[in-house]
Engineer: 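To start, I am sharing the structure in question, which I have written as structure tokens.
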Amino acid sequence: MKEIKNSEKTSTNNINDIGAKSDMCCDHNSVEKCCDSSSIEQCCDIDSINNENKACCSSEATCKPSYLSTNQSNSSNAVYLDYSATTPCDPKVVDAICESYQCFGNPHSITHQYGWDATDLVETSRKKIASIIKSDSKELIFTSGATESNNISIQGVVKSRQENGVSDMHIITTNIEHKATLETCHELEQNGIKVTYLSVEANGLLDLQKFHDAIQKNTVLASIGWVNSELGTIQPIKAIGEICKEKGILLHVDAAQALGRIKIDLSDIHVNLMSFSAHKFYGPKGIGALYIKRKTKVSPIVFGGRQEKGIRSGTVPVQLCVGMAKAAEIVEESREDEYVRMQRLQKKTLDRITSSLEDIYVNGDLDQRVPHNMNISFAYIEGEALMMKLKNYAMSSASACSSTTLQPSYVLDAIGIDENLIHTSLRIVMGRYTTEEDMDNFTNDIIKAVNDLRDMSPLWDMKKSGVDLKKVKWHTHH
């Protein structure tokens with residue numbers, strides 16, 4: 001953890017304005033009326049939708065997609081700053097999905113035109129995604145998301161080895177991985193698989209020498225997340241891949257937070273398996289992909305019709321594949337410009353907060369990170385109290401990092417953040433629809449909120465009086 005340094009930035013569309021950027025102005029749930037300047041949420045005749053998406057909206061009033069209307073939250077002024085949790089589905093992606101519903105065939109029906117048409121859509125989508133990550137489309141299978149891809153990768157490698165008579169196996173991962181990786185490894189441990197959970201450094205990055213030293217004779221797989229969802233830190237995957245190649249072990253990379261944020265070129269790095277999830281880059285939920293390098297042996301863990309090269313059974317969701325491919329295409333086109341924009345926004349935000357408030361810390365390395373993510377500890381206040389003060393901003397608190405527990409963030413704990421500071425931390429993640437105005441308003445509001453809460457805090461009074469709180473002996477009452 002380092003005390004935060006300085007910041008500046010430009011803008012894009014607000015989340016409430018993204019409908020204006022859609023190629024189609026219509027609310028697909030309401031097709032009777034046309035848009036006019038007095039009623040922008042009423043939409044187009046169904047014939048306009050089917051006639052090459054010709055818009056009937058006036059130039060002064062473009063329809064807002066119903067799924068992103070201003071009542072998306074309890075406040076019409078809400079600003080979404082939780083882009084690591086999920087991203088809004090891009091209107092162009094929704095348009096592509098809706099258009100593809102004209103094709104209703106099962107892509108696994110190989111005896112008639114309806115099935116062939118569906119297959120064409122799936123394979124075209126597969127090729128688009130593969131071209132973006134620089135892989136062969138034959139090395140890509142569709143899944144329900146990164147959680148399933150992680151499970152297939154880790155369990156599938158172990159199962160394949162077991163089927164070939166190997167019983168003594170060892171896996172390496174880190175202690176800050178997504179639960180989909182950690183829980184899978186915990187489950188395998190119950191069945192006799194040895195797992196090393198490497199501790200990362202205080203900056204959230206993996207020490208390459210420690211990784212090298214952790215490899216054993218029976219190590220079969222390493223599973224490392226590329227971009228951490230809580231810290232935004234970027235692991236040195238290319239260097240890790242070289243070590244794995246030298247030692248002859250497989251490398252699985254969870255890239256759920258990477259696609260669209262950093263460059264992915266699988267022709268330039270040694271990776272055997274890589275997981276993706278569409279809803280992390282403005283695509284639909286319920287669809288993901290798994291890259292499996294040619295000749296990498298993975299056994300199926302779900303059984304049925306042996307679809308997706310026999311590894312992932314189940315009817316492939318044609319429309320979601322189309323949506324994922326369109327989302328990947330859009331996000332890759334804007335990736336470099338968006339990265340620069342996020343850097344400017346991050347710098348400006350952190351500069352203003354740091355120059356206005358004392359005892360502020362950023363968690364995770366300041367350089368090896370995606371600029372979209374700011375994980376900040378505000379000492380001497382409670383993170384959840386701060387969130388209540390900032391109820392018009394959608395963020396995550398480190399005090400409630402999981403939907404099923406109020407335990408503090410295991411990721412922040414893993415990098416050695418003091419428990420008191422963990423409870424003061426917020427994860428602020430910007431994205432495509434975050435504007436400079438949004439972040440200016442947020443900065444003003446958070447500075448005021450922190451000052452207000454500290455004015456009420458006896459701990460802050462003690463700190464300002466020169467008391468070393470670490471030396472205070474607190475009495476407990478039973």
Side-chain angles (χ1 to χ4, degrees), residues 125-143 146 149-150 152-154 157 172-174 177-178 181 200 204-209 211-212 215 219-229 232-278 280-281 288-298 309 324-325 327-340 342-343 365 367-373:
S125 300
R126 197 190 310 273
K127 288 176 183 176
K128 282 184 181 179
I129 298 168
S131 68
I132 288 166
I133 61 175
K134 303 294 189 296
S135 74
D136 189 317
S137 63
K138 293 182 176 65
E139 298 174 304
L140 201 69
I141 68 169
F142 286 111
T143 67
S149 295
N150 290 353
I152 292 173
S153 298
I154 300 168
V157 165
I172 299 173
T173 188
T174 80
E177 297 304 318
H178 190 276
T181 294
V200 295
L205 299 178
L206 181 59
D207 183 288
L208 293 175
Q209 188 60 50
F211 177 76
H212 184 278
I215 297 173
T219 303
V220 296
L221 175 72
S223 181
I224 310 293
W226 203 337
V227 175
N228 186 269
S229 63
T233 46
I234 305 171
Q235 297 295 353
I237 291 300
K238 184 170 184 176
I240 292 170
E242 290 303 313
I243 295 172
C244 290
K245 183 178 181 181
E246 175 196 338
K247 293 293 184 177
I249 66 175
L250 302 180
L251 174 61
H252 163 248
V253 175
D254 182 346
Q257 300 286 341
L259 202 157
R261 288 178 171 152
I262 61 175
K263 181 181 179 181
I264 297 178
D265 185 348
L266 286 166
S267 68
D268 186 50
I269 57 177
H270 176 78
V271 172
N272 300 92
L273 303 127
M274 186 172 285
S275 303
F276 303 96
S277 197
K280 302 294 188 181
F281 51 89
L290 175 61
Y291 162 79
I292 306 175
K293 188 180 180 69
R294 189 177 279 105
K295 296 183 180 180
T296 300
K297 303 295 184 184
V298 179
K309 299 173 178 59
M324 181 175 183
E329 194 174 52
I330 294 170
V331 80
E332 181 61 18
E333 286 174 357
S334 61
R335 175 177 54 79
E336 291 184 1
D337 289 342
E338 189 68 354
Y339 194 94
V340 172
M342 291 291 105
Q343 283 182 317
D365 194 88
D367 298 317
Q368 297 301 312
R369 71 185 301 128
V370 290
H372 313 64
N373 183 309

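In this chain, residues are counted from 1 in sequence order.
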Engineer: Can you tell me how far CZ of Arg126 sits from CD of Glu139, rounded to the nearest 0.5 angstrom?
Structural biologist: 12.0 Å

Engineer: Is Asn272 reaching over with its side chain to a backbone N or O of Leu251, donor-acceptor style, under 3.5 angstrom?
Structural biologist: yes

Engineer: Mind listing the closest non-hydrogen atom pair of Val271 and Lys293 along with its distance?
Structural biologist: O-CD, 3.5 Å

Engineer: Would you be so kind as to tabulate the donor-acceptor pairs closer than 3.5 Å made by side chains of residues 234-248, with sequence neighbours excluded?
Structural biologist:
unit_1, atom_1, unit_2, atom_2, d
Gln235, OE1, Leu206, N, 2.9
Gln235, NE2, Gly204, O, 3.0
Lys238, NZ, Asp268, OD2, 3.1

Engineer: Could you tell me if the side chain of Lys127 sits less than 4.5 Å from the side chain of Leu140, heavy atoms only?
Structural biologist: no

Engineer: Heavy atoms, side chains only, cut-off 4.5 Å: are Ser153 and Ser275 in contact?
Structural biologist: yes

Engineer: Measure the shortest side-chain to side-chain distance between Arg261 and Val227 over non-hydrogen atoms and say whether it is less than 4.5 angstrom.
Structural biologist: no

Engineer: Do Asn150 and His252 come within less than 4.5 Å of each other through their side chains, counting heavy atoms only?
Structural biologist: yes

Engineer: When you measure from the side chain of Thr233 to the backbone N and O of Asn228, does any donor-acceptor pair fall under 3.5 Å?
Structural biologist: no

Engineer: Work out which heavy atom in Phe281 is nearest to a heavy atom in Ala327; give both atom names and the distance.
Structural biologist: O-CB, 3.6 Å

Engineer: Do you know the tightest heavy-atom contact between Ile249 and Thr219?
Structural biologist: CG2-O, 3.1 Å

Engineer: For residues Lys138 and Asp136, report the shortest heavy-atom separation together with the two atoms involved.
Structural biologist: N-OD1, 2.8 Å

Engineer: Which heavy atom in Ala255 sits nearest to a heavy atom in Met274, and how many Å separate them?
Structural biologist: CB-CG, 3.6 Å

Engineer: Could you report the tightest heavy-atom contact between Glu177 and Gly225, atom names first, then the distance?
Structural biologist: OE1-N, 2.7 Å

Engineer: Of Ile141, Ile292, Thr143, Leu273, which is the lone residue that meets side-chain contact (heavy atoms from CB on, under 4.5 Å) with Ser149?
Structural biologist: Thr143

Engineer: Between atom OG of Ser137 and atom NZ of Lys128, what is the distance when rounded to the nearest 0.5 Å?
Structural biologist: 13.5 Å

Engineer: I need the His372 NE2 to Met342 CE distance, nearest 0.5 Å.
Structural biologist: 5.5 Å

Engineer: Is any side-chain heavy atom of Ile129 less than 4.5 Å from a side-chain heavy atom of Phe142?
Structural biologist: yes

Engineer: Taking C-beta and beyond as the side chain, do Leu259 and Lys280 meet within less than 4.5 Å on heavy atoms?
Structural biologist: no

Engineer: Rounded at 0.5 Å granularity, tell me how far CD1 in Ile172 sits from CD1 in Ile224.
Structural biologist: 7.5 Å

Engineer: For Arg335 and Glu338: C-alpha separation, side-chain torsions, deciding distance, then whether salt bridge (Lys or Arg N to Asp or Glu O under 4.0 Å) applies.
Structural biologist: CA-CA 5 Å; Arg335 175 177 54 79; Glu338 189 68 354; over 6 Å; no

Engineer: Decide yes or no for Ile269 and Leu266: does some side-chain heavy atom of the first lie under 4.5 Å from some side-chain heavy atom of the second?
Structural biologist: yes

Engineer: Under 4.5 Å between any side-chain heavy atoms of Trp226 and Ile264, yes or no?
Structural biologist: yes

Engineer: Can you tell me how far the NZ atom of Lys263 sits from the NZ atom of Lys134, to the nearest 0.5 Å?
Structural biologist: 7.0 Å

